[in-house]
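Just so we're clear, the structure is a prediction, and the values are computed from it rather than from any experiment.
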Amino acid sequence: MTCHNRRDKTLACLESFVKASKPDVYEFAIYLTDDGSNDGTSEAVRQFFPGVKIIAGSGQLFWAGGMRLAWQKAINEGNFDYYLLLNDDVELFEHVIQTLLETSKSVYITTGTEAGIVSGATEDRSGNVTYGGSIIVKNHLNMKAKQLSPNGYPQLCDFTNSNVLLVANWVVEKIGILDTEFTHGIADYDYSLRAKKAGIRSYLATKICGYCEFDHGPNWKTASFPLKERIKYLYSPKGLAFKQYRIYIKRHFPLYWPYAFCLLWLKTFFPSIWDTFKK
């Protein structure tokens, strides 16, 4: 896990993990990167969850950087069978660990091959799926994807979110962890797509695994913002992340890059047109 100034959410997430049912045959260790929080997150975690291993970040790691730091620390210190990537704004359901492991076991029974990656879908309080796994339905000059909903069976994914993501150790040994090319977002999509290219299958777990509100919103600045600020947002890691998005698209969807390039600049220079187009 990684966190930054979301003390209450981080504590709620940790509490939901501690309360989750766990098979007796496994031991668990929790690694948390605190990337420069000044709201007392680390102090509260030490007070309420003293077993958590806290790694201090620089304050400039963002999501992918913080996750890499915690993940690499876990690799260096332990001999783990699995790694569970978890966003700190997720409240896990009690059955989450059982569901993830049983999904992997079900895949093995059905296909004879272990599921290298299992994504646990999340939902908002209204029951709408927010994060999980998706399949590619079109991949030419324009790429289209469809988000999957749990249906009681393991579902093969093309790429996944990492809000709740179980990764087998043998996958890490084969393709490593999140790519250093990515600072914040995109890293989880890239990871599952790299796994797919390496012959590693990703699956959506059979049941919803927790609550997590969709908090991304529109990924562009409206015309009410000055052009200078819109261009800054275009290159920001927490904005459109132009340079990193270019690497991602050229790596996995090269035919889509000219179209994506035009869309990124359309959002930046003519956001009012984009607003109309999206409606």
**Complete:** Hits for side chain to side chain contact (heavy atoms under 4.5 Å, CB included) against Glu102, two or more places apart or cross-chain, chain-then-number order -> Gln98
**Request:** Look at the rings of Tyr83 and Trp71 and say which category their plane angle falls in: under 30° parallel, 30 to 60° tilted, over 60° perpendicular.
**Result:** tilted
**Asked** For Arg201, does the CZ atom have more than 12 heavy-atom neighbours from other residues, nucleotides or ligands under 6.0 Å away?
**Response** no
**Request:** Indicate the atoms forming the closest heavy-atom contact of Ile117 with Ala195, along with that distance.
**Result:** CD1-CB, 3.7 Å
**Prompt:** Is it the case that more than 12 heavy atoms not belonging to Phe270 sit under 6.0 Å from its CZ atom?
**Reply:** no
**Prompt:** Counting heavy atoms not belonging to Lys73, are there more than 12 under 6.0 Å from its NZ?
**Reply:** no
**Message:** Testing the basics here: between Tyr203 and Pro154, what is the closest heavy-atom pair and its distance to 0.1 Å?
**Reply:** CD2-CB, 3.9 Å
**Item:** Apart from Phe62 itself, residues in the same hydrophobic cluster as defined by side-chain heavy atoms under 4.5 Å
**Value:** none
**Prompt:** What residues form a side chain to side chain contact (heavy atoms under 4.5 Å, CB included) with Asn151, not counting sequence neighbours?
**Reply:** Tyr153, Gln155
**Item:** Residue pairs passing the ring-ring contact (aromatic ring centres under 6.0 Å, His included) test where at least one lies in residues 155-182, sequence neighbours excluded
**Value:** Phe159-Tyr189
**Message:** Tell me whether Leu32 shares a hydrophobic cluster with Leu86, the cluster being built from Ile, Leu, Val, Met, Phe, Trp, Tyr side chains joined at under 4.5 Å.
**Reply:** yes
**Asked** Do Asp39 and Thr41 meet the criterion of a side-chain donor-acceptor pair at a distance under 3.5 Å?
**Response** yes
**Asked** Between Trp257 and Phe261, how do the two ring planes meet: parallel, tilted or perpendicular, split at 30° and 60°?
**Response** perpendicular
**Message:** Is there a continuous path of hydrophobic side-chain contacts, each under 4.5 Å between heavy atoms, that joins Leu166 to Val129?
**Reply:** no
Donor-acceptor contacts under 3.5 Å from residues 44-58 side chains, at least two apart:
{"residue": "Ser58", "atom": "OG", "partner": "Gln60", "partner atom": "N", "Å": "3.2"}

**Prompt:** Linking I/L/V/M/F/W/Y whenever their side-chain heavy atoms sit closer than 4.5 Å, directly or via other members, would Tyr259 and Leu234 fall into one cluster?
**Reply:** yes
**Request:** Apply the side chain to side chain contact (heavy atoms under 4.5 Å, CB included) test between Cys212 and each candidate in Asn161, Leu92, Thr130, Val164; give the one that qualifies.
**Result:** Thr130
**Complete:** In short, Val96 meets Ala20 closest at the heavy-atom pair CG1-CB, 3.9 Å
**Expected output: side-chain Asn5 to main-chain Asn38 donor-acceptor under 3.5 Å** = yes
**Request:** Tell me, with the steps shown, if Ser134 and Gln147 meet side chain to side chain donor-acceptor pair (under 3.5 Å).
**Result:** CA-CA 4 Å; Ser134 300; Gln147 187 177 59; 5.1 Å; no
**Asked** Pairs in or reaching into residues 92-127: which pass ring-ring contact (aromatic ring centres under 6.0 Å, His included), with residues at least two apart or in two chains?
**Response** Phe93-His95, Phe93-Tyr211
**Asked** Within 45° of the axis and under 6.0 Å from the centre of the six-membered ring of Phe17, does NZ or CZ of Lys22 qualify?
**Response** yes
**Asked** Would you say Leu101 and Leu84 are hydrophobically clustered, going by side-chain heavy atoms of ILVMFWY under 4.5 Å?
**Response** yes
**Nearest atoms (heavy-atom pairs only) where Gly120 meets Ala205** = CA-CB, 4.2 Å
